[in-house]
Amino acid sequence: MTQNIRSRIADLSEKLHFHIYRYHVLNDPLITDGEYDRMFRELQELEAEHPQYAREDSPTQRVGSDLSGDFLKVEHPAPILSLANAFDVADLSQWEERNLRLLPSGSQLGYVLQPKLDGLSIVISYENGELTRAATRGNGILGDDVTANVKTIRTVPLRIPVDPASGAAPPRLVVRGEILFHKDAFLELNQEQEAQGLPAYINARNTASGSLKQKDSRETAKRKLTAYIYDIVDSEGVELRSEWEILQFLGAMGFNLITDASRCSDLVEAAAQLAGWEARRDDLPFEIDGLVLKVDDLSAARELGVAGKDPRGAIAYKFPAEEAATTLLGVTIGVGRTGKLTPTAQLEPVFIGGVTVSSASLHNYDQVAALDIRQGDRVVIKRSGDVIPYVIGPVLGARSGDEKPILPPEVCPFCATKVVQPEGAIDWFCPNPTCPERVMRTLEFFVSRGAMDIEGMGPQTISALIDKGLIQDEADIFTLQAEPLLALEGFAEKKVENLLGSIEAAKARPFAQVLTSLGLDGVGSTVAGLLTDNFASMADLLATAEQAREAEAAFIRQTSPLIAAMSGEDPDQEKLFQRMRRPSTDLAPRYLDAPELASRLERLLRPLNLSTESVAVIAEHLQSLIDASRPIHTIDGLGPILAQNIVDWFTDEHNKTVLAKMQAAGVNMQAEEKVAAGTALAGKTFVLTGTMSVPRGKIKALVEANGGKVTGSVSKKTGYVVAGDSPGSKVEKAEKIGVPILSEDELRALLGE
Ligand code: IVH
């Protein structure tokens, strides 16, 4: 019996390793997600019952454990070298000439060319096929032991070879690679942050580094990191002659390889590929900062040796610098529609990656303080892809002492209202909803494409309408009359007619689109869709928000005298007070499913030494708060902070007035009947890419309403890729592996639309 259990555990481990590899590395799964989950759960259960048979390399280790404490420093088996840089073809030719001089005359060099990934170097050791250690590069000699965390990354095999058919593992193999976020995974992470009401991560590489250095590997497991392996640092029992063979060998062992490496017979052939790579850079699924060129013949590379910390046999070809240093001349402050203040650095113009940059984002004042960026500083600016250039930090060594600290303003630069930093927020806000700058930004967003989409209402028109006192808020747009418009400069009859026509059409926009247009922080089309799925009308949403607000006010009224009587010196008590002050975010969500609320609350409040009656009163009010908040707080996908923002927004007097005016003017505030559910797409998986005629979320809803599933990446399991304009690499991948590609119209035709 025990023998059976042991072999079943071994069997499941092996199978799961293989299927993880098929799915994550080859993108070609052989079993369904459901079958995988069943096997995984069976293994988890067997291991829990018989921990003595659980294997170190079990796939269940990928979910993380909380055992890892501080990181140990570990010594690498060989120095983890870096690379010298080349910036143009002339640099590369020089490099080759120097190398040829060090080699026997008549030598000829072939190369392997591959992208230089902008991630974190990682060194992973395997003993007899089993992953025994993973360490960061550290200082090249010593690194941080991050084994538990790296084990959670699904592209890292816990045992090699992943496919037993590939032969035996060498007794010892130490490989090197790069850990990073794919662009879409980073975007997704930031969408989750946003839905939780948390600040976005700024830099993918730093976030990957932070994710890898979590103390609790379950946190690492939640991040969708990817690992690519490109080199062997040390080995026993492996005889290879070329870089190219290294890649073949690593691939056979089951490592995730950068797919686009190429083998070039000489430097001319390699140089011819540089421009193409640079052009494709934005279409790749990951960030690259250049290319790596390696001498293919390993004996020649060995003979060339090392210069300082760089092997002579390899070089990094860097794309035109995307970072540059310049002087921070001053700071301007923008105020967005939510009132958020955004500091922007005004710079001494500097040329970065092909464009002149004269301003850059400073993100927020907390970040400015954390990085100690001062006016007059020499600062480093980064520009990458489509992202707005931002200030990485000051060059401390260049300080003269005359630099001035950058602090948040005391009052809004546009309306002179005192600015506020809400509890727990990192941003500062202008709290005045009638601030002219906020009104302008609100209106601009409200009429824009994807929002109410009112054609003919550009920023200049809005500005003119505000100046003439014709509009003060979004709702006023819907009661505009022809006559005063005709009196405006440049407004002929035809133009007025068109504008009024598009305003009329906008009144009938779907409810979710109306919600998106209101521009609440964190409520984009996805969250608006969640709201309209759960509330049939604006009146419904307003009533629920009002109830939640009243219940919260009653809770605070009831508890504050009890709490005020206590001293807050004990840190545990202080924490408790905070929770009572923000019950909807800090208390209520925890109890949504707590059946024995009173006894839990009694336990929680014990340090306050309240009487049983007081606790009972608090419990009663908490119960009403929970009941009133439930319709919003139980929406799957809304975090408590965002839910609270929504309640705050819909109970704000100014916002309520605007909504009432909009309703009176005939704007649609009713959720439409649900899309008639069909089964035309049942069992099919879709990947959406490129720009569609409507927001992609709508197409996703359409596919799902008809029984289809939408996923993020293309594999052989994908039924169709639906491609809009400028679709990018997903279409290429689909073509490569033979997945059919549909246009948006063809998809609609499939649904008989
Ligand atoms: S080879 C001894 N290949 O770039 C040569 N490095 O600037 C080992 N990197 O620290 C490096 N992609 O972390 C190599 N395809 C690639 C790479 C790569 C990114 C990183 C690596 C290294 C840094 C050097």
Side-chain angles (χ1 to χ4, degrees), residues 76-87 91-92 95 99 111-124 134-144 146 150 153 155-156 174-183 204-206 208-209 212 225-235 240 242-251 255-264 270 273-274 277-278 280-281 284-298 300-319 321-323 384:
H76 296 302
I80 300 306
L81 302 172
S82 51
L83 293 172
N85 291 329
F87 297 97
D91 289 348
L92 293 177
W95 167 66
N99 283 342
Y111 297 95
V112 170
L113 180 70
Q114 56 189 254
K116 184 167 180 308
L117 307 173
D118 194 10
L120 288 132
S121 231
I122 190 81
V123 179
I124 311 178
T136 62
R137 178 176 184 276
N139 60 9
I141 305 294
L142 294 177
D144 275 330
V146 286
V150 167
I153 301 172
T155 31
V156 174
V174 182
V175 297
R176 175 171 182 186
E178 207 80 357
I179 289 188
L180 44 75
F181 276 108
H182 272 187
K183 289 173 187 168
R205 189 177 181 282
N206 292 350
S209 167
L212 200 62
L225 291 166
T226 301
Y228 288 96
I229 301 299
Y230 48 67
D231 203 7
I232 296 178
V233 173
D234 195 21
S235 66
L240 300 166
S242 67
E243 267 310 320
W244 194 250
E245 280 180 18
I246 290 184
L247 295 181
Q248 309 302 312
F249 173 75
L250 291 172
F255 291 104
N256 195 27
L257 301 183
I258 318 168
T259 42
D260 297 317
S262 65
R263 194 178 205 184
C264 309
Q273 295 182 30
L274 303 179
W277 269 106
E278 212 174 318
R280 278 177 48 207
R281 180 178 185 181
L284 296 173
F286 37 67
E287 297 275 359
I288 67 173
D289 54 356
L291 300 165
V292 180
L293 201 57
K294 299 176 188 175
V295 167
D296 193 20
D297 179 352
L298 293 182
R302 221 169 291 126
E303 205 173 331
L304 287 169
V306 175
K309 286 184 175 173
D310 309 325
R312 289 198 184 85
I315 198 160
Y317 169 81
K318 298 282 273 247
F319 291 142
E322 298 225 312
E323 283 178 25
S384 76

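Counting convention: from 1, in listed order, for ligands and their atoms alike. Because the structure is predicted, anything quoted here is derived from the model rather than measured.
Note on ring orientation: taking the six-membered ring where Trp is involved, the planes of Y228 and F286 are perpendicular (angle over 60°, cut-offs 30° and 60°).
With values rounded to the nearest 0.5 angstrom, D144 atom CG is found 9.5 Å from I122 atom CD1. Residue L291 holds its CG atom at 9.0 Å from CD of Q273, rounded to the nearest 0.5 Å. Going from atom CD of Q114 over to atom CG of D260 covers 10.5 Å, rounded to the nearest 0.5 Å.
For the pair R176 and ligand 1, the shortest N or O to N or O distance falls below 3.5 Å. Geometrically, ligand 1 and S82 share no nitrogen or oxygen pair separated by less than 3.5 Å. Distances between N or O atoms of I258 and those of ligand 1 include no value under 3.5 Å.
Closest protein heavy atom to atom 12 (N) of ligand 1: L117 N, 2.9 Å. From the protein, the heavy atom lying nearest to atom 5 (C) of ligand 1 is L83 CD2, 3.5 Å. If you check which protein heavy atom lies closest to atom 9 (N) of ligand 1, you get Y230 OH, 3.5 Å.
Side-chain contact between V292 and Y230: absent, with no pair of heavy atoms (C-beta onward) separated by less than 4.5 Å. Using a 4.5 Å heavy-atom threshold, the side chains of V112 and I246 count as separate.
Only side-chain heavy atoms of P311 come within less than 4.0 Å of ligand 1; its backbone N, CA, C and O stay farther off. Both the backbone and the side chain of K116 come within contact range of ligand 1, each with a heavy atom under 4.0 Å.
In this structure, a donor-acceptor pair under 3.5 Å is present between the side chains of S82 and D310.
Between P115 and ligand 1 there is a heavy-atom distance shorter than 4.0 Å.
Of the options V175, V146, I153, a side chain to side chain contact (heavy atoms under 4.5 Å, CB included) to I124 is made by V175 and by none of the others.
For ligand 1, the atoms lying closer than 4.0 Å to a non-hydrogen atom of Q114 are 3 (N), 15 (N), 16 (C). Within ligand 1, counting atoms from 1 as listed, the ones closer than 4.0 Å to a heavy atom of K294 are 1 (S), 3 (N), 14 (C).
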